[in-house]
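To keep things clear, I will list the structure first and then write my remarks on it.
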Amino acid sequence: MLELKHISYVVGDKVILNDVNLKTDDRFVAITGPNGSGKSTLVKIIMGLITPTAGQVIFNGEDITGDPINVRADKGISFAFQQPVRFKGLRVGDLLKLAYRGEKNVVEACEILRDVGLDPRLYRDRELNDTLSGGEMKRIEIAMAAARGSALSLFDEPEAGIDLWSFQSLIRIFEALYAKTAGSILIISHQERILNIADKIIYLKNGTVECFDERDAVLSYIAAVQKKEAQRA
Amino acid sequence: MTETEKHILKEVAALDALPVGAYNIRSNGVSAARNTTADIDIVTKEDVSGIDIIIKPGTKNQSVHIPVIISESGLKEVVYNDFFIGADCDVTIIAGCGISNCGGHDSRHDGVHSFHVGQNSRVRYVEKHYGEGTGTGKRLMNPTTVVHLQDGAYMLMETAQIAGVDDTLRETKATLAENAMLEIHDKILTDGDQHATAKMTVDLNGKGSTCDLISRGVAKGDSFQEVNLAINGKAECRGHAECDSIIMDRGVILATPALKAECVDASLIHEAAIGKIAGEQLDKLMTLGLDEKQAEDMIVQGFLR
């Protein structure tokens with residue numbers, strides 16, 4: 001379903017991604033790796049938020065490298081931002097209605113907030129401004145991605161910036177999403193509990209794919225790498 | 001009423017038919033329809049053009065609609081409307097002016113509204129300005145609003161100029177007595193070579209008086225907006241002014257908040273921000289399927305809601 005061919009992203013003399021090649025049609029794939037390894041850049045390239053300096057993004061057999069963000073959205077890709085975007089004046093209900101492509105009215109669209117532990121009646125008319133906490137914004141962001149029900153849902157570190165209590169329910173949300181949705185999930189995460197529910201894991205380091213395999217194989221690989229690094233230290 | 005007039009009435013006062021309660025509909029310089037109630041009287045002024053609206057003390061949950069329609073190209077008028085609102089009232093006043101100018105002459109409406117709000121009364125005042133028409137004649141509006149709030153009175157003003165007004169000077173002056181409170185939510189959208197100036201001056205004269213002035217503006221095309229928000233704290237009081245603007249294309253925005261404290265217990269705050277639409281906001285809405293233009297429109301619409 002998703003194929004990346006020779007994807008590179010270079011800014012000045014800094015190589016962020018170097019000849020990334022990937023092919024996946026798995027249901028739940030996690031991307032992990034050290035900070036600065038290019039994980040966020042990679043998923044942003046898939047959504048079209050960043051244009052790669054080389055390479056192609058193939059989705060369902062079609063080259064979408066030149067497609068703008070909204071065209072990719074129409075073709076079945078959604079994206080949950082690591083830092084959800086705030087808007088003065090736009091309300092939670094407005095964006096959820098949009099996420100459902102206008103197929104549901106605001107009240108119906110907001111029912112999905114229950115899945116992320118928020119009461120629709122309290123949040124429907126809230127503005128997406130800085131009166132909402134980081135944790136609330138994050139839950140709403142995840143609800144929007146779930147509402148779209150895309151063939152491929154991209155999540156950029158959903159656990160970043162949320163408290164432990166929220167994190168427990170976050171795992172449940174992804175388990176539910178996995179069970180409910182027919183689409184595939186590609187998720188950047190450092191959290192073992194999220195990695196543990198993935199079918200496959202991509203381990204990215206210094207802008208290249210070091211390892212991409214079944215979950216247990218990659219987890220063993222990462223453990224071996226970490227052990228080696230610890231010994232060296 | 002013609003179709004154009006009906007359309008304007010819907011734009012400025014959200015009316016499909018004659019409203020319930022008291023109203024005065026002014027069309028092309030004359031009163032086209034009027035209704036008074038037992039508690040709300042409307043009297044034509046004899047010395048100048050305009051009306052007095054007299055609301056009896058204790059009037060609650062009633063409304064007054066006073067929309068103005070101009071569809072004759074070249075019509076120019078200055079209208080004085082004075083509101084006398086007794087003590088302990090709770091009323092909604094819907095004003096607004098729409099100009100449809102399909103001719104070559106400038107049309108202009110200068111409305112001077114004064115409000116005398118009695119003790120402990122609550123007033124919600126909604127005023128919308130709207131212009132349309134294919135003519136080369138300009139659509140001009142210069143509203144002046146003077147507000148006097150007596151002890152414990154509260155007024156919420158929701159004023160908006162959303163489209164089609166070529167040039168406007170919007171002046172608001174208010175004086176607040178003890179424990180009075182004024183909230184103003186003002187929204188302006190300008191485009192093309194439109195020009196808009198909004199000046200608000202609030203004198204917090206009474207102990208415990210408060211005001212919250214919120215101005216939101218979007219300047220598109222080659223338009224120009226100037227916003228002056230001034231608060232004078234003359235007693236133990238609280239005042240807040242916020243001027244928030246989105247600038248697009250080649251628009252120009254000049255925002256000048258001014259605070260003056262004449263009492264050591266006056267607490268006054270202002271905030272002003274001007275910026276373009278953030279790229280990440282467009283990106284977010286595009287991930288939900290909107291193209292760039294649609295995303296921009298949705299952001300502007302939300303901002304000016």
Side-chain angles (χ1 to χ4, degrees), chain A residues 40 43-51 67-103 109 125-130 137 140-141 143-150 152-156, chain B residues 158-162 183-189 212-220 225 227 240-248 253 255 269 271-305:
Chain A
S40 284
V43 288
K44 283 179 180 165
I45 284 173
I46 299 168
M47 187 70 236
L49 296 161
I50 292 177
T51 307
D67 287 347
I69 302 163
N70 56 309
V71 173
R72 297 184 201 214
D74 290 341
K75 287 180 178 169
I77 306 179
S78 67
F79 188 93
F81 286 69
Q82 186 180 140
Q83 276 161 343
V85 184
R86 294 173 191 268
F87 295 88
K88 279 184 184 166
L90 288 183
R91 298 173 186 157
V92 174
D94 297 331
L95 263 65
L96 278 170
K97 190 177 168 202
L98 187 61
Y100 275 112
R101 301 163 180 85
E103 289 157 4
D125 295 328
R126 290 282 300 272
E127 276 188 33
L128 287 152
N129 59 19
D130 47 21
M137 287 296 295
I140 294 162
E141 184 75 5
M144 273 189 258
R148 282 199 74 77
S150 298
L152 176 63
S153 305
L154 308 170
F155 293 90
D156 189 356
Chain B
E158 297 169 359
T159 53
Q161 177 186 305
I162 298 304
E183 265 185 77
I184 301 180
H185 295 194
D186 186 48
K187 297 164 200 167
I188 306 183
L189 172 71
D212 194 7
L213 315 179
I214 298 175
S215 155
R216 284 194 176 176
V218 176
K220 293 184 180 182
Q225 284 185 21
V227 185
H240 173 245
E242 182 184 319
C243 181
D244 214 342
S245 308
I246 292 179
I247 184 169
M248 297 167 78
I253 296 175
I269 297 171
E271 301 170 72
I274 303 172
K276 65 175 182 179
I277 293 175
E280 58 173 15
Q281 291 184 327
L282 293 172
D283 284 351
K284 173 66 201 173
L285 297 186
M286 288 176 78
T287 67
L288 297 175
L290 298 186
D291 66 30
E292 195 170 332
K293 175 75 177 67
Q294 290 168 327
E296 208 172 83
D297 289 347
M298 186 171 178
I299 291 165
V300 168
Q301 259 177 30
F303 186 73
L304 294 177
R305 173 142 64 190

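Just so we're clear, the structure is a prediction, and the values are computed from it rather than from any experiment. Note on naming: letters A, B, ... go to the chains in the order of the sequence lines (proteins, then strands), and numbering restarts at 1 for each one.
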Which bit of Phe81(A) is near chain B, if near means a heavy-atom gap under 4.5 Å: side chain, backbone, both or neither?
side chain
Let me know if Asp94(A) has heavy atoms under 4.5 Å from chain B in its side chain, its backbone, both or neither.
both
Pick from Arg72(A), Met47(A), Arg91(A), Arg101(A) with the largest number of heavy-atom pairs that fall under 4.5 Å of chain B
Arg91(A)
Within a strict 4.5 Å, meaning less than it, do heavy atoms of the Phe303(B) and Asp244(B) side chains meet?
yes
Could you check which of Gly279(B), Ala278(B), Gly289(B) has the highest count of heavy-atom pairs closer than 4.5 Å to chain A?
Gly289(B)
As an exercise: rank Gln301(B), Lys284(B), Met298(B) by heavy-atom pairs under 4.5 Å with chain A and give me the winner.
Lys284(B)
Would a distance-only check, ignoring hydrogens and angles, find a side-chain to backbone donor-acceptor pair under 3.5 Å from Gln225(B) to Val218(B)?
yes
Does Asp186(B) form a side chain to side chain donor-acceptor pair (under 3.5 Å) with Ser215(B)? I'd like the steps, not just the answer.
CA-CA 5 Å; Asp186(B) 186 48; Ser215(B) 155; 4.7 Å; no
Counting only heavy atoms not in Glu292(B), do more than 12 sit closer than 6.0 Å to its CD atom?
no
Taking every heavy-atom pair that is under 4.5 Å apart, which of Ile77(A), Leu95(A), Asp74(A) has the most such pairs with chain B?
Leu95(A)
One thing to verify: whether Lys44(A) and Asp283(B) come together as a salt bridge, which I'm taking to mean a side-chain N less than 4.0 angstrom from a carboxylate O.
no
